[in-house]
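Okay, so here's the structure we're looking at.
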Amino acid sequence: MSWPSKQTLRRSAAAALAAAALAVAPCAGAQDGDAIVLDARKAWAAKDRPRLAALRDRALAESHPLAPWIDYWALNARLDEAAVDDLAAFYRRWSVSYVEDRLRNDWLLELGKRRDWAAFRADYLRFRMDDDREARCYWLLTESLDGQAVRAAALDAWLAQQRDDDGCELMATTLAGSGVLTRQDLWLGVRRALQANRPAAARRAAALVDADAGRALAAVLDNPARWLARQPDARVRADRAELALAALLRIAREEPEVAAAQLGAWERRLPHEHAAQAWAWAGHRGALRQLPQAADWYARAWALLPPDAADPGWLPDTLEWSARAALRGDGGASPRWRLLRRTVEGMPAGQRAEPAWVYWHARAAKALAPRGAAGDAERAAADEALASIAGGMHFYGKLAAETLGRALAPPPAPPPLQPAERDAVRALPGLQRALQLIAIGLRNEGVREWNFSLRDLPAALPRDRALRAAAELACEREVWDRCINTSDRTSAEVDLAQRYPMPLRDPVLRAARDAGLDPAYVYGLVRQESRFVMNARSHVGASGLMQLMPSTARWTARRLGIDYQPSMIDDRDVNLRLGTGYLKLVLEDFEGRIALAAAAYNAGPSRPRRWREGAELEAAAWIETIPFNETRDYVQKVVSNAVYYGLRLGDGAPSLLRRLGGPVGPRPAAAPPENRDLP
C-alpha cells in the first residue's frame with residue numbers, strides 16, 4: 001500500500017514476491033549450515049570472486065544441498081573470462097535444474113556480446129526458459145545469417161523491445177542493412193518507440209531508414225508543433241506522412257486535446273491508416289485521462305478504416321482503451337455499444353478471447369440486438385459467449401455467471417491426494433531447494449527455483465494432481481505465496497482451501513471484527529497484498545501482511561490512539577490492526593463501496609475520487625476503466641477473492657454483483673464530506 005507514482009513505482013505484494021523487489025529476513029528455521037549460502041550470496045553481490053571460489057569449493061566438498069546456487073554465483077561472477085568448457089562442466093553437474101538454465105541464459109548474452117555465433121547457436125537450442133528477449137534477438141540474427149526467413153519474428157521481437165539492449169539493436173541494424181526489415185517496418189519501429197516514450201530509440205530506428213529520415217525525425221521531435229505548422233497545406237505521403245504522424249503521436253502523449261485539434265486539420269492530408277493511428281493514439285491518451293471525448297476520437301479512427309478491417313495494427317493497449325473509452329463514453333447507449341463491439345471485433349483472436357472482452361462484447365451484442373424475435377439469434381449467441389467463460393474462477397467468470405442468472409457456487413471438491421502422489425512430488429530436489437532458499441531469506445531465488453521446478457513434475461502423475469501435491473507441500477511449510485500460486489495453476493481439479501487459504505484465522509477475524517469489517521473482504525485484500533507472507537516488504541517500503549507504508553502506519557496509529565514505534569510495523573497483530581483500521585476509514589470515506597475502497601487502498605484515496613467523476617457507470621465498467629493496470633487488476637481480484645472467502649466463511653448466497661453494489665458516479669450530495677486527511 002504505497003502511492004508515489006503508483007503504476008510504475010509499486011507492484012502489489014503478490015507480484016513483488018515473484019520478483020527481486022522483496023527483502024525478507026531469514027526464517028527462524030534456518031540452519032547453521034546455511035550461513036555458507038548467505039555468505040556466498042553477499043560475496044556475489046560484492047563481486048568478491050576469490051571468496052566465492054573458496055565458498056564454492058567448500059560447498060561442493062560438503063555436498064551442501066544448495067551447492068548448485070553457490071556454484072552458479074561463482075561462475076556467473078567470472079563469466080566474462082569463462083570458456084565453453086567451464087559452462088559444459090557446470091551443465092553436467094546440475095543438469096535439468098533451474099541454475100543450469102539460469103546460467104545458460106547469462107552465458108547466451110555473454111556469447112552474443114562476444115559475437116561467438118557458433119557457440120551461441122549450440123547453447124540456445126538447449127535453453128528451456130527461452131524468455132529473454134535479448135537472447136531471442138541474438139538467435140534470430142544467427143538464423144538470418146544462416147539464410148532462414150525471420151522477418152516476422154524479428155520484427156515482433158524488435159517492436160516489443162522495452163529497453164535498449166545490444167542483441168535487439170544489433171539484430172535490427174543487421175536486418176535493416178540487408179533489407180530483411182523493410183522501410184515500412186522501420187517506420188513502424190519509430191511509431192512504437194514513440195508510443196513507448198522512447199524518443200532515443202525512435203531516432204535510432206529512423207536512422208536505419210536512412211540518414212535523411214534520421215535528421216528529419218530529430219527536427220520533428222525537437223518541436224513537433226512547430227514542425228507541423230511549417231508544413232505546406234497539401235496531402236503528404238511516404239516519409240513525410242510518417243514524420244507528421246510522429247509529430248502527432250508525440251504531442252498526443254502529453255496533450256491529447258491539442259493533438260485532436262491538430263488532427264482536425266491534418267486528417268485530410270494524411271493517408272487514412274496514418275490518420276486512424278493518430279486519432280486512436282489521441283483516444284488512448286485521452287482515455288487514460290478519462291476525457292469524455294476520447295470515445296469520439298476512437299470513433300473517428302475506426303471510421304477511417306474499412307468496415308471489415310479485422311486488425312487495425314494498433315498496440316494491444318490502444319485497442320483495449322478503445323473498449324474502455326466506449327464504456328465511459330457519454331455519446332448515448334447505442335454509439336457506446338457500437339464502438340465497444342467494433343473494437344473487440346478488431347482485436348487479434350488471442351486478445352479477443354480474453355474473458356474481459358468476451359464479456360463486454362456479449363454485453364454489446366445483447367444491447368444492440370433488435371427487439372423481439374428478430375434479435376433472438378444475436379441474444380442467444382451472446383449468452384453462449386457468456387456461458388463459455390461463466391465457469392472461470394476469475395472476476396469476469398463470476399460476472400458472466402450472474403449476468404446469465406446463475407447462482408455462484410464453489411467448485412466440486414477434488415478426490416483426496418494419495419500418499420504415493422505426495423511422496424513423488426516431495427522428492428523433487430528443486431522444490432526442496434526452493435523451500436530451503438525461502439527459509440533462509442532468499443525468497444527471490446527460492447521463488448524462481450520453485451516455479452522452474454513445476455515444469456518437471458512427475459510425468460506419471462496427472463498434472464493437476466502433481467500441482468496440488470506441490471501446493472500442499474508449500475501450505476504445510478506455510479509458504480503461502482507458493483501454495484496459492486501453485487494451486488492457481490490447476491485446471492480441472494480445484495482445491496478451494498489451497499487457493500484461498502485462511503492462515504492466522506483467529507488474528508484476522510479478530511482484527512476484522514474489531515474494525516467493523518467483513519472478514520471475507522479483509523482476507524481477500526490480504527491474499528492480494530502479501531499472499532500471507534508476514535515479513536514481506538515491497539521495493540518502495542510497504543511492509544507486512546497488509547503492506548503498510550511507514551507514513552500510513554504512523555498516521556493510522558495516531559488516529560486509533562495506538563502507542564506506536566516504527567519497528568512495530570512488521571508485528572503481525574499490529575500490522576493487522578493498523579491495516580484494518582486504515583481500510584475501515586477508507587471504506588467509510590467511500591460510502592461503504594468495497595471496490596472504491598480497494599482502489600483507494602492500492603492507489604491512494606485521491607485517485608479514485610477523481611476516477612469516479614463524470615458519467616455514472618455500472619461498477620464493473622468503472623473498475624474496467626481504472627487507468628492504472630495494477631490497480632484495475634488489484635480491485636478485480638480483491639472483490640473476486642472476497643466472494644470465495646465468503647463461501648469459506650459460510651456466506652450462504654455468494655454474489656459478486658452484491659459486493660460491487662450499484663452504479664459508481666460522483667460523490668452523492670448527501671454523503672459526509674470527504675476525509676481529506678486520509679494519506
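Residues take their numbers from the sequence shown, with the count starting at 1. Predicted model, so just to flag it, every value in this text is computed and none were measured.
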Is a salt bridge present between Glu273 and Arg191, judged by a nitrogen-to-oxygen distance below 4.0 Å? yes
So, Asp589 and Arg667, do they make that salt bridge, N to O below 4.0 Å? yes
One thing to verify: whether Arg455 and Asp131 come together as a salt bridge, which I'm taking to mean a side-chain N less than 4.0 angstrom from a carboxylate O. no
Smallest heavy-atom separation, Trp279 atom then Ala260 atom, equals CH2-O, 3.6 Å
Cation-pi check for Tyr500 against Arg527: NZ or CZ below 6.0 Å from the six-membered ring centre and within 45 degrees of the axis, yes or no? yes
Do Arg269 and Trp266 meet the cation-pi criteria used here (NZ or CZ under 6.0 Å from the six-membered ring centre, within 45° of the axis)? yes
Results of ring pair (Phe, Tyr, Trp, His ring centres under 6.0 Å) for Phe590 - residues two or more places apart only: none
Examine Arg324 relative to Trp321 and say whether NZ or CZ is less than 6.0 Å from the centre of the six-membered ring and inside a 45° cone about the ring axis. yes
Can you establish whether the number of heavy atoms outside Glu613 located under 6.0 Å from its atom CD is more than 12? yes
Assess whether a salt bridge exists between Glu591 and Arg612, defined as any Lys/Arg side-chain N lying under 4.0 Å from an Asp/Glu carboxylate O. yes
For the pair Arg352 (side chain) and Met347 (backbone), establish whether a donor and an acceptor sit closer than 3.5 Å, ignoring hydrogens and angles. yes
Check: Ser491 main-chain N/O paired with Asp464 side-chain donor or acceptor under 3.5 Å: yes
Distance col, row Ser487:OG vs Glu472:CD, nearest 0.5 angstrom, shows 10.5 Å
Where is the tightest heavy-atom contact between Thr486 and Arg482, given as atom of each residue plus distance? OG1-O, 2.6 Å
Closest non-hydrogen atom pair between Trp360 and Leu340, with its separation: O-CD2, 3.7 Å
Whether Arg468 side chain and Pro414 backbone form a donor-acceptor pair below 3.5 Å: no
Pair Arg632 + Glu320: basic N to acidic O under 4.0 Å: no
